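See below for the structure under consideration.
In this chain, numbering begins with 1 at the start of the sequence shown. In listed order, ligands and their atoms are each counted from 1. Model, not experiment: these values are computed from the prediction.
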Amino acid sequence: MDPLKQKFKEKALALFQANRAMLKENGDTIVDQVTLKQVFGGMRGVKSMIWETSQLDAQKGIRFRGKSIPELKEILPKFEGCKEPLPEGLFHLMLTGEVPTDEEVKWITGEWQRRADVPKHVFAALETLPKDAHPMTQFSMAIIALGTESVFNRRYAEGMAKSDYWDATYEDTMNLIARLPRVAAYIYRRTYKDGDHIAADISLDWGGNFAHMLGIPGDDFKSLMRLYLTIHADHEGGNASAHSTHLTGSTLSDSYKSLSSGMNALAGPLHGLANQEVIKWVFKMLDVLGTRNPSKEQIAEYVQKTLDAGKVIPGYGHAVLRQPDPRFTAQRTFAEEYIKNSDIINVIWKAFEVVPPILQGLGKVKNPWPNVDAHSGALLVHYGMHEFSFYTVLFGVSRSLGVLSQLIWSRALGFPLERPKSVTSEWVMDYLAQQKEAVG
Ligand code: HAX
């Protein structure tokens, strides 16, 4: 058994047994109550799922196994000469709860390189799609096509025991994560660069090699990719991409179909596609205003116009957060450190001063602050990636790390098929009438 799998197995067995004992004694303890507002309002805040890899706090933002993003930047191993954390290290942390050593991270990099070969039929499947198919459509389809290799499906058909489900899911997950950069880079190069593909560089790490295969030059872009792939990886379990992956996975669908579900959720403009929408909105504003250097007053006017047209301001607001997103702040810190004087980044920073008071003034927006998607596009544009519709694929490559490491946990902890209860509006009216009658 490989060392990462061995480490996971020990931790998972211990937690499985501890949870069993805890539930035997406390299974009927009430941890939440649900209001009608929550039932009609997208289940906001309802505690109904276990997610081991990360947890979100409305004020402090994301914690990966208790660690904040600035802490991750300190404690996770780095690629030689780079100051940003390696996503391989975060994967280890999420999967085992332990900060990895340099050696452990090197092992993961090597293991993902060893598993990185993409079957030819995946590229052939992609070639059947028109070049202008949205990259998220291509990405989701490619992930499904990779699933013909599923170890879980093969072993399930052979009669695998329930206690081994996590093991087969680990194998699928390691293979899938290893192959995603190659698939994503293929989509980028076929869609925007006339199919002029770039071979992998095995001297590089997972994120650095992804940057290399995309064909965006420079060490700073590789550093950005390492940071980007780390900070987008997980955001506890209730967000739409994580929850979709979790729900599909709960049917014992394989890692490929589960992740593809998650990517379809990520592709919506209220979720991951917001990174594309933000930068489109910014460039449209610059075109309309006829300047690359708008004043705060001009930005405020344009924000108001967007709202008056009945649209949301992309990159602002959040279902859980009530402060500026620490992932926004991490990208801002990166820009301050690596980039001097970029017009487009200056616009993002000015918008950060202008948008929150306007949204606050509407009196209904619960979180007027920027989220992760407000900043990422400007960084990518700065380094020469102008193909906005590809941005959500970058998010998706990263998100695989969190949702798939959790899928291994879900299988190891024996989570059942997810099946909440739904009711009709008529049921609600009848229920309210009965309550009234009972009170007299
Ligand atoms: N601009 C304008 N109005 C906004 C708004 C924004 N950025 N954010 C929220 N609102 C509005 C809502 O549309 C809602 O209006 P109605 O009552 O008229 O329907 C009202 O304020 C209350 O919404 P909320 O409770 O504050 O927010 P929700 O939890 O319902 O929604 C969203 C959270 C992220 C979907 C929302 O803030 C939004 O649409 N933001 C813009 C899109 C965006 O940036 N999405 C990315 C979010 C982060 C993420 O998942 N990244 O992948």
Side-chain angles (χ1 to χ4, degrees), residues 35 37-46 51 54 56 58-59 61-62 69 136 139 228-245 262-282 284-285 299-300 302-331 348 351-352 354-380 388-403:
T35 64
K37 242 198 286 188
Q38 289 171 304
V39 172
F40 278 86
M43 298 185 281
R44 293 288 183 284
V46 180
W51 197 265
S54 70
L56 194 54
Q59 303 301 326
I62 187 68
I69 290 172
M136 282 304 280
F139 192 49
Y228 187 108
L229 296 170
T230 298
I231 64 177
H232 287 75
D234 208 29
H235 219 224
E236 77 172 29
N239 72 76
S241 53
H243 192 190
S244 303
T245 307
M263 292 303 100
N264 296 338
L266 193 71
L270 295 187
H271 191 19
L273 201 81
N275 62 8
Q276 157 190 317
E277 295 302 294
V278 167
I279 203 74
K280 272 167 67 177
W281 178 82
V282 168
K284 178 97 192 288
M285 169 172 74
I299 295 176
Y302 192 78
V303 168
Q304 197 54 56
K305 252 195 202 159
T306 305
L307 293 171
D308 291 346
K311 296 189 254 180
V312 295
I313 308 302
Y316 283 79
H318 200 273
V320 180
L321 286 172
R322 295 296 176 258
Q323 288 288 333
D325 191 330
R327 301 171 298 175
F328 174 88
T329 311
Q331 294 177 84
I348 300 299
F352 177 39
V354 167
V355 175
I358 298 177
L359 290 183
Q360 249 153 357
L362 296 179
K364 64 173 183 178
V365 181
K366 295 195 192 65
N367 179 44
W369 301 107
N371 57 54
V372 64
D373 300 314
H375 208 306
S376 53
L379 287 167
L380 296 169
F388 308 154
S389 47
F390 188 73
Y391 291 0
T392 312
V393 175
L394 297 176
F395 194 155
V397 171
S398 171
R399 187 47 57 99
S400 71
L401 299 176
V403 299

- prompt: Taking atom CG of D234 and atom CD1 of I62, what is their separation to the nearest 0.5 Å?
  reply: 6.0 Å
task: Starting from atom 13 (O) of ligand 1, find the nearest protein heavy-atom neighbour and note its residue, name and distance.
output: V312 CG1, 4.1 Å
task: Determine whether V397 and F139 make a side-chain contact, defined as any pair of heavy atoms from C-beta on separated by less than 4.5 Å.
output: yes
message: Counting non-hydrogen protein atoms only, what is the nearest one to atom 50 (O) of ligand 1? Give residue, atom name and distance.
response: H271 ND1, 2.8 Å
query: Does at least one non-hydrogen atom of L273 fall below 4.0 angstrom from an atom of ligand 1?
result: no
message: So for E277, does at least one of its heavy atoms come nearer than 4.0 angstrom to any atom of ligand 1?
response: no
- prompt: Tell me, which protein residue and heavy-atom name are nearest atom 51 (N) of ligand 1, and how many Å apart are they?
  reply: D373 OD2, 2.7 Å
message: I want to confirm something. Looking only at heavy atoms, which of W369, Y316, F395 is nearest to atom 7 (N) of ligand 1?
response: Y316
Identity and separation of the nearest protein heavy atom to atom 27 (O) of ligand 1: H318 O, 4.5 Å
message: Side chain, backbone, both or neither: which applies to A274 and ligand 1 if a contact is any heavy-atom pair less than 4.0 Å apart?
response: side chain
query: With a 6.0 Å cut-off on ring centres, are H243 and H271 close enough?
result: no
field: Nearest neighbour in protein (non-hydrogen) for atom 6 (C) of ligand 1
entry: I313 N, 3.7 Å
message: Please evaluate residues V278 and Y391 with respect to the criterion side chain to side chain contact (heavy atoms under 4.5 Å, CB included), reporting the C-alpha separation (whole Å), side-chain torsions for both, the decisive distance (0.1 Å), and the verdict.
response: CA-CA 11 Å; V278 167; Y391 291 0; over 6 Å; no
- prompt: Nearest protein heavy-atom contact for atom 42 (C) of ligand 1: which residue, which atom, what distance?
  reply: P269 O, 4.0 Å
message: Out of all atoms in ligand 1, which are within 4.0 Å of some heavy atom of G272? Include the element for each.
response: 52 (O)
- prompt: Which pair of non-hydrogen atoms, one from I231 and one from R327, has the smallest distance, and what is that distance?
  reply: O-CD, 3.3 Å
- prompt: How does L307 reach ligand 1, by side chain, by backbone, by both or by neither, if only non-hydrogen atoms under 4.0 Å count?
  reply: side chain
task: Start with the C-alpha distance between H232 and L266, add both sets of side-chain angles, then the distance that settles side chain to side chain contact (heavy atoms under 4.5 Å, CB included), and finish with yes or no.
output: CA-CA 12 Å; H232 287 75; L266 193 71; over 6 Å; no
- prompt: Nearest heavy-atom pair of A351 and P356: which atoms, and what distance?
  reply: O-CD, 3.8 Å
- prompt: Within less than 4.0 angstrom of ligand 1, does N239 place any heavy atom?
  reply: no
- request: Enter the distance from D325:CG to Y316:OH here, rounded to the nearest 0.5 Å.
  value: 11.5 Å
message: One pair to check against side chain to side chain contact (heavy atoms under 4.5 Å, CB included): H235 and L321. What are the steps and the verdict?
response: CA-CA 11 Å; H235 219 224; L321 286 172; 4.2 Å; yes
message: For G262, is there any backbone N or O sitting under 3.5 Å from a side-chain donor or acceptor partner on S244?
response: no
statement: Candidates K364, R44, K366; heavy atom nearest atom 28 (P) of ligand 1 found on R44
Closest approach of S241 to R399 (non-hydrogen atoms, all atoms of both residues): OG-NH1, 3.0 Å
- line: heavy-atom search around atom 37 (O) of ligand 1 in the protein gives G317 CA, 3.3 Å
message: Is atom 16 (P) of ligand 1 near the protein, in the sense that some protein heavy atom lies at less than 4.0 Å from it?
response: yes
query: Which bit of L359 is near ligand 1, meaning a heavy atom under 4.0 Å away: side chain, backbone, both or neither?
result: side chain
- line: Residue, atom and distance of the protein heavy atom nearest atom 44 (O) of ligand 1 read G315 N, 2.8 Å
task: Check V365 against ligand 1 and report side chain, backbone, both or neither, counting heavy atoms closer than 4.0 Å.
output: both
- prompt: Which one holds for L270 and ligand 1: side chain close, backbone close, both close, or neither close, with close meaning a heavy atom under 4.0 Å?
  reply: both
message: Applying side chain to side chain contact (heavy atoms under 4.5 Å, CB included) to W369 and F328, what does each step give before you reach the verdict?
response: CA-CA 10 Å; W369 301 107; F328 174 88; over 6 Å; no
